[in-house]
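Comments concern the structure below.
Here the structure is a predicted model, which means the values were calculated and not measured. Numbers here are sequence positions counted from 1. In listed order, ligands and their atoms are each counted from 1.
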Amino acid sequence: MIQLQTYKQIITELENYNCNLVAVSKLKPVSDILGFYQAGHRIFGENYVNELVEKQSQLPEDINWHFIGHLQSNKVKYIAPFVSMIHSVDSLKLLKEINKRALQNDRIIDCLVQIHIAEENTKFGFSANELLDFFKQPDFIEMKNICIKGVMGMGTFTNDQEQIKKEFSTLLTCYEDIAASNLIDVKHFTEKSFGMSGDYKIALKMGSSLIRIGSLLFGSR
Ligand SMILES: *Cc1c(COP(=O)(O)O)cnc(C)c1O
């Protein structure tokens, strides 16, 4: 069952912040998505390419689909025609493929670079050290059909608030370092995607611009 009451509370909470909500609908049916769509929501996040393609074909055209899961290069072509933003860019190989498929579709695809901030080593993403080198590569500079809009990170799944704050601070430092580096166009570099069901309140206070919330809205998976 979708939690429309919680949705309305979060939307009200967001009025005090410069932040948008990505409603994470992975593994949930299109009927649930339509429930939030009818309440006025347009930004939905998905983790799996096949599932996203399937849902996109069944749902209204004006949904902004954000891809937030780990993305394999060989699957970019399926979402390139319609995806609004890819949060999970974690390699040059992937970004090159996104650029190539965006060009074929005559689009510019908005991307975030995923930064590894959690303790767990299962989560994908660049380390803080790797990032500036990434933007210095000639291959990166040549890409014209992607727009790097910001950074994304996932905190450790823990109740330790201090640890989560520390990890989010790492993400913000990376964001500032990139913004100050002159390696990218800072005019478009405005997004900080962090905060999920368990830690979004901390994320809001720390300046997240995109919180990604699944289970609070759609129920547990
Ligand atoms: C599943 C997922 C979310 C949402 O998680 P909840 O804890 O259900 O809010 C957010 N971001 C990413 C990258 C995810 O994979």
Side-chain angles (χ1 to χ4, degrees), residues 1-11 13-14 17 19-30 32-33 35-36 41-55 63-72 75-76 79 83-91 94 98 110-126 149-161 163-165 167-168 170-172 174-175 191-221:
M1 245 232 327
I2 65 167
Q3 305 296 320
L4 277 173
Q5 207 52 45
T6 306
Y7 171 72
K8 284 174 189 153
Q9 276 163 21
I10 294 173
I11 292 298
E13 225 175 327
L14 287 182
Y17 297 92
C19 181
N20 284 309
L21 170 65
V22 180
V24 177
S25 46
K26 63 174 172 231
L27 307 176
K28 297 294 179 180
V30 291
D32 285 3
I33 297 175
F36 289 113
H41 202 68
R42 292 295 179 270
I43 308 176
F44 292 89
E46 289 282 342
N47 285 57
Y48 309 104
V49 168
N50 299 350
E51 183 181 342
L52 170 55
V53 169
E54 181 80 5
K55 286 172 169 174
I63 289 181
N64 295 318
W65 293 105
H66 286 213
F67 193 85
I68 64 172
H70 179 61
L71 181 55
Q72 289 172 290
K75 296 204 167 168
V76 172
I79 61 172
V83 72
S84 295
M85 187 182 283
I86 297 174
H87 288 228
S88 43
V89 172
D90 59 2
S91 73
L94 175 60
I98 296 169
D110 289 343
C111 294
L112 307 180
V113 284
Q114 183 169 356
I115 301 171
H116 181 97
I117 53 172
E119 225 176 33
E120 299 114 84
N121 48 20
T122 53
K123 287 175 184 159
F124 294 96
F126 291 101
K149 300 278 282 188
V151 296
M152 180 272 226
M154 274 174 98
T156 300
F157 189 71
T158 173
N159 287 324
D160 183 347
Q161 307 240 327
Q163 184 177 346
I164 293 170
K165 282 184 200 162
E167 292 173 358
F168 288 167
T170 304
L171 185 71
L172 292 171
C174 285
Y175 172 84
E191 301 292 349
K192 290 159 270 184
S193 166
F194 63 101
M196 315 191 346
S197 288
D199 53 22
Y200 84 90
K201 284 179 192 281
I202 303 175
L204 280 179
K205 289 204 187 92
M206 291 182 72
S208 175
S209 70
L210 283 170
I211 49 171
R212 310 178 307 266
I213 299 193
S215 41
L216 273 184
L217 300 174
F218 290 88
S220 58
R221 292 177 294 270

Atoms in ligand 1 flagged as close to N47, the criterion being non-hydrogen separation under 4.0 Å
14 (C), 15 (O)
Per-atom contacts of ligand 1 with I213, taking only distances under 4.0 Å to non-hydrogen atoms
9 (O)
If you have a sec, work out which protein heavy atom is nearest [atom] and how many Å separate them, to one decimal?
atom: atom 10 (C) of ligand 1; result: M196 SD, 3.4 Å
atom: atom 12 (C) of ligand 1; result: I68 CD1, 3.5 Å
atom: atom 9 (O) of ligand 1; result: S197 OG, 2.6 Å
atom: atom 14 (C) of ligand 1; result: K26 NZ, 3.0 Å
atom: atom 11 (N) of ligand 1; result: R212 NE, 2.9 Å

Sole candidate of I202, L172, I211, L204 that passes side-chain contact (heavy atoms from CB on, under 4.5 Å) when paired with F194
L172
Looking at L21, I43, L4, I63, which one forms a side-chain contact (heavy atoms from CB on, under 4.5 Å) with F36?
L4
Spell out, as yes or no, whether a donor-acceptor pair under 3.5 Å connects the side chain of H66 to the backbone of I68.
no
Could you tell me whether a side-chain N or O of H116 sits under 3.5 Å from a main-chain N or O of A118, the two making a donor and an acceptor?
yes
Give yes or no for whether the N/O distance cutoff of 3.5 Å, strictly under, is met between G214 and ligand 1.
yes
Just say parallel, tilted or perpendicular for the rings of F44 and W65, cut-offs at 30° and 60°.
tilted
Around atom CD of Q163, are there more than 12 heavy atoms from other residues, nucleotides or ligands closer than 6.0 Å?
yes
Min heavy-atom dist H87 to ligand 1 below 4.0 Å
no
Check whether the side chains of E13 and Y200 place a donor and an acceptor atom closer than 3.5 Å, and report yes or no.
yes
